[in-house]
Undergrad: 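The structure under discussion is supplied below as structure tokens; questions concerning it will follow.
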Amino acid sequence: MALSWTPEGFDPAVLFKAVERASSLGASYAEARLHVNFGYSLSLLNDNLMGGGPSYSGGIAVRVVVDGSLGFASTSKWDERSVIDAVERAVKSARSLAGAARKVSMSEETLGRASYEVKVREKPWEVEFDDKLSRIKEVSKSLEAKGIEITSKVLHYSDSAEYKYLVTSDGSEVESLVPRVEVFYNISARYGGEMANKWGEVGGSGGLEALEKLGLQRRIADDLESLRVALTRARNPPKGVMDVIISPEIVGLALHESIGHPSEADRVLGREAAQAGRSYREYTSGRIGSEIVTVIDDPTIPGSSGFYLYDDEAVPARPRRLIDRGVLAEMLHNRETAAEMGVKSNAAARARDYRSEPIVRMANTYLAPGDYTFDELVESVKEGVYIKTYMEWNIDEWRLTARYVGLEAYIVRNGRLEEPVKNVVLQIPTTEFYSKIDAVGRDLAFYPGMCGKGEPMQPLPVWMGGPHVRLRGVRVG
Amino acid sequence: MSSEDVAGYAERFLDMLSRAFDEVAVYVVRSRSVMVKAARGGISAVQDWDDVDVSVYLVKDRRIYTSTFPLRAAEMLLSRAEDLIARLEPSKLYAPLPEPSGESCSARDPSVEKILDESDYGALASAMGAGSGIDVSGMASVYLEEAALATSKGARLTRSVTGFEGYIRVFKGRDVSGQWSWVSTRLDTSLAKEALDIAIRLAEECSSLPREEPEEGVSRILLSPMTSSQLMEYVASAALAGSVITGTSFLSSAKPGDRVASEGLTLKSTPRDKGLPGYSLFDDEGVATTDVAFIESGMLKTLLHNTKTARILGGKSTGNAGWIFPRLFNLRVEPGDVRAGEELEALGNGVYITNNWYTRFQNYLEGTFSTVPRDAAFIVRSGRPVACVPGYKIRLEGSLRSMVRGVEALGSKLFNIKWWEVDTPTRAPHIVVSEKGGLRVRRA
């Protein structure tokens, strides 16, 4: 199948030659990946264009296993001599430290031989720059908040198309094209002597039409309203043990941080021990939450930021159940961790660009919806709080206790939403978070994010989501 | 590719682009780097990069176009720049490129280049203690950057810098650990050895002490250089004029001359520090860099500017350009008078945080944040460590605005820090923050 964009002057034969050369030099496994990311970006400050231009990164990544040692090299040149040079550097690097290496092998898998793309209506690379500018400017200009002074408003638009052609020494060949669009924003405002800000993102895979579908204007306007409520109406937050309802935005983030990351098998094996840290799944298994909690990470969701059909080791993608009805289930694997743990890969290998090695990553993590409407979640709460949006969050490296601080939040009293409160702190152990969920909404919403991991850092687009959920009797403040 | 080749490319692109644009700046960087990663005692990956990137800044009728491409694709992509810039709008940030005043510079260590040339990475594995039986994880990296800047205002400048950096985390038991880092333009293996020794010592000291979780609430806190560099990088970022303009700075309402921190705190932007790999005698606009104490003895002296932000907010460029907004090259927290080894005595009673990560802000304009300690955290009484808690069991809450006002004492020894959580090469001491700093300890 011919994709709607392919790089000029690229001949896949060079990837096969790279893999052959690596094998002839003694590599037990080799992969070569042409990886091109290209697109455009622009930044508005207070409705005015600050600057803009194209972005482009393209080159070939080579990864080898030699004497059980993992070597990686890349080149931005596509000619055979440069690619073979990268192969030789990767092999030499791996071999030079084979004596001190953690021994690596790759799991045997049924690998892909495929070509696919995300079909879009408005291809980002075909829409004129001034058209993009006018659309984003229109959104920026439409943002109003009565009663507060917007002191600065930054909107950063970016689109990208990610083209990959992957060949491995065990027979795979996968070509793909995934376009994405995203808007990041940060709004600062003042009311009286008080200042606050709210940032957020809207994005997914697809063409420019996706921004409308994702409700760009509505989402920013909603966040601006959060800011207005927090500044003008919100009082000090409650403290104590109470019921808490949290929004899909916070549910998604909580899942990403407290079950997604700890389920990355490379973390569990210590591969990230000096960077993002370790995982409670090194020593915890079994039940972690209530029966109604099922968490899925699924790369195959159409329109998602983390969309793919084959991972960067050519393994076919599928949904992964991280928590199944309250019980810890699958981890996320690439072929290296799968081999080490004696399981099959579930296609979690992702690389940011040609300079990056594929490592275990999430794609789109969400809580499976339940049966409750929002009103039903609220109506049985006698004393509690509803946290709608957040600013601050963090989690410890073992992923045992997370913290979310609300921006827009409301007291819930006798089954009704009452007065707004601000800076509500929900600091909660992971096991308590999942165990105290007693009701799951039937709504489902996703939020994009750039997930950070790796050394060098590899920010990657993901979605995080879920329905509203209710937690019974947790400590707030 | 040599420095001359890099300069040749910069000149060539400048020639090509000057015909179509009012102002042009071209920055070409060739970087050759190797990173060795260790995990749980063994080498987990060796990564090798060889890149040439071309960054361009183009102006036509006050419209600004910026981008970075690999050399291979630059000519093809730049051929479309004239069409694209016509579709932009004039930028309110625009200011003319300044006359160049910077100088070419070099801080190269042949020992680093030898490692790269010979592809012998044993020294990097050894620096981390990998394969020696220690439960060590970390990263060690060497690199050579050769760069050239050419501008339509006449700048023809080159910069050539080597680097050696890394970080080491040592585990003792399941959750007791120590972590430290180093960074230098030279292959100074004594820095790596010191980092390994400190990481081992912290892990061992923690495991030898009873476990106890600290009292919750405002406390005196001793920030190790790992932690002080991380938090002071946020303070320095707030002093970048771009942060003020985009509403992400707690210093946005402060004026030069205002007291923003305690008298003991002096923060310097130090691009001319030849020992750190951010070293440069010119910024991205070709202006001479200067070592600027932007907070001096607690007073805000200046924001950090390029010509654009200086025009908008008033003042002069401090030689910190970035093409759109200013940036940091290196950072230095001026030392105090607490002698090495006497930091716990200076703390007296409180908590010693040896490392942290995941600092996040509830309100950038107020600087309110929380951060998560990691590795060993010590409870200190009467200047002695009496108990230890793995950092992940506590959190630190506060605001940058208060924290810098509570700086009470600083160590006399500076450590060179750069790691996963600290992007800017930084020389930082231990810092004692008194209760006035408002840092609150909270149990997980």
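Residue numbers start from 1 in every chain, and the chains themselves are labelled A, B, ... in the order their sequence lines are given, proteins ahead of strands. In this text the structure is predicted, and so the values were computed from the model without any measurement.
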Undergrad: Please step through side chain to side chain donor-acceptor pair (under 3.5 Å) for the pair A:Trp393 and A:Glu257, ending with a clear verdict.
TA: CA-CA 10 Å; A:Trp393 86 101; A:Glu257 301 294 358; 3.1 Å; yes

Undergrad: Given that the side chain runs from C-beta out, which part of B:Gln179 has a heavy atom under 4.5 Å from chain A: side chain, backbone, both or neither?
TA: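 Only the side chain of B:Gln179 comes within 4.5 Å of chain A.
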
Undergrad: Establish, from distance only, whether the side-chain atoms of A:Asn334 and A:Thr337 form a donor-acceptor pair under 3.5 Å.
TA: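 Side-chain D/A pair, A:Asn334 to A:Thr337: present.
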
Undergrad: Considering only heavy atoms, which portion of B:Glu89 lies under 4.5 Å from any heavy atom of chain A: side chain, backbone, both, or neither?
TA: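 For B:Glu89, backbone and side chain are both near chain A.
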
Undergrad: Can you tell which part of B:Arg62 gets under 4.5 Å to a heavy atom of chain A, answering side chain, backbone, both or neither?
TA: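 The answer is neither part of B:Arg62.
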
Undergrad: Measure A:Asp79 against the heavy atoms of chain B and call it side chain, backbone, both or neither at under 4.5 Å.
TA: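 Neither part; nothing is under 4.5 Å.
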
Undergrad: Any sub-3.5 Å donor-acceptor pair from A:Lys198's side-chain atoms to A:Tyr390's backbone N or O?
TA: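 Yes: the side chain of A:Lys198 pairs with the backbone of A:Tyr390.
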
Undergrad: Would you mind checking which part of B:Glu118 comes under 4.5 Å of any heavy atom in chain A, side chain (CB onward), backbone (N, CA, C, O), both or neither?
TA: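 Contact with chain A involves the backbone of B:Glu118 alone.
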
Undergrad: Using non-hydrogen atoms and a 4.5 Å limit, figure out which bit of B:Arg87 sits close to chain A: side chain, backbone, both or neither.
TA: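 It is both, since atoms from each part get that close.
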
Undergrad: Within this structure, what is the CD1-CD1 distance for the pair B:Ile168 and B:Ile134, rounded to the nearest 0.5 Å?
TA: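 Answer rounded to 0.5 Å: 8.5 Å.
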
Undergrad: Please look at B:Phe69 and chain A and tell me whether the side chain, the backbone, both or neither of the residue comes under 4.5 angstrom of a heavy atom of that chain.
TA: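 The answer is both parts of B:Phe69.
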
Undergrad: Which bit of B:Leu365 is near chain A, if near means a heavy-atom gap under 4.5 Å: side chain, backbone, both or neither?
TA: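 Both parts, backbone and side chain.
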
Undergrad: Would the distance check show the side chain of B:Ser177 and the main-chain N or O of B:Val170 forming a donor-acceptor pair, the cut-off being under 3.5 Å?
TA: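 Answer holds: no.
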
Undergrad: Please classify the contact between A:Tyr283 and chain B as side chain, backbone, both or neither, with a heavy-atom cut-off of under 4.5 Å.
TA: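 Interface part for A:Tyr283: side chain.
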
Undergrad: State whether the side chain of A:Arg267 and the backbone N or O of A:Arg278 hold a donor-acceptor pair below 3.5 Å, judged by distance alone.
TA: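 It does hold such a pair.
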
Undergrad: Counting heavy atoms not belonging to A:Lys77, are there more than 12 under 6.0 Å from its NZ?
TA: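 12 or below, so no.
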
Undergrad: Using non-hydrogen atoms only, which part of B:Arg174 is less than 4.5 Å away from chain A: side chain, backbone, both, or neither?
TA: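 The answer is both parts of B:Arg174.
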
Undergrad: Check whether B:Trp323 gets within reach of chain A through its side chain, its backbone, both or neither, counting any heavy atom under 4.5 Å.
TA: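 Neither the backbone nor the side chain of B:Trp323 comes within 4.5 Å of chain A.
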
Undergrad: Ignoring hydrogens and geometry, is there a side-chain-to-backbone donor-acceptor pair from A:Asp353 to A:His35 under 3.5 Å?
TA: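 Flag not set: sc A:Asp353 to bb A:His35 has no pair under 3.5 Å.
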
Undergrad: Main chain of A:Asn46, side chain of A:Asn48: is a donor-acceptor contact present, judged purely on distance under 3.5 Å?
TA: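 Yes; at least one donor-acceptor contact below 3.5 Å.
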
Undergrad: What part of A:Ala276 gets closer than 4.5 Å to chain B, counting heavy atoms only: side chain, backbone, both or neither?
TA: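 Contact with chain B is through both the backbone and side chain of A:Ala276.
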
Undergrad: Side chain from CB out, backbone as N, CA, C, O: work out which of these in A:Leu49 comes under 4.5 Å of a heavy atom of chain B, or both, or neither.
TA: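 Interface part for A:Leu49: both.
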
Undergrad: Side chain, backbone, both or neither: which part of B:Tyr94 has an atom under 4.5 Å from a heavy atom of chain A?
TA: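 Contact with chain A is absent: no heavy atom of B:Tyr94 under 4.5 Å.
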
Undergrad: Examine whether an atom of A:Tyr354 lies under 4.5 Å from a heavy atom of chain B, and if so say whether it belongs to the side chain, the backbone or both; otherwise answer neither.
TA: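 Side chain only.
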
Undergrad: Check whether A:Arg475 gets within reach of chain B through its side chain, its backbone, both or neither, counting any heavy atom under 4.5 Å.
TA: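 Contact with chain B is through the side chain of A:Arg475 alone.
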
Undergrad: Between the main-chain N or O of A:Glu408 and the side-chain N or O of A:Thr389, is there a donor-acceptor pair closer than 3.5 Å?
TA: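 Looks like yes, one N/O pair under 3.5 Å.
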
Undergrad: At a 4.5 Å cut-off on heavy atoms, which part of B:Thr371 comes close to chain A: side chain, backbone, both, or neither?
TA: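 Only the backbone of B:Thr371 comes within 4.5 Å of chain A.
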
Undergrad: Given heavy-atom pairs under 4.5 angstrom as the criterion, report whether the side chain, backbone, both or neither of B:Pro90 touches chain A.
TA: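 Just the backbone, heavy atoms under 4.5 Å.
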
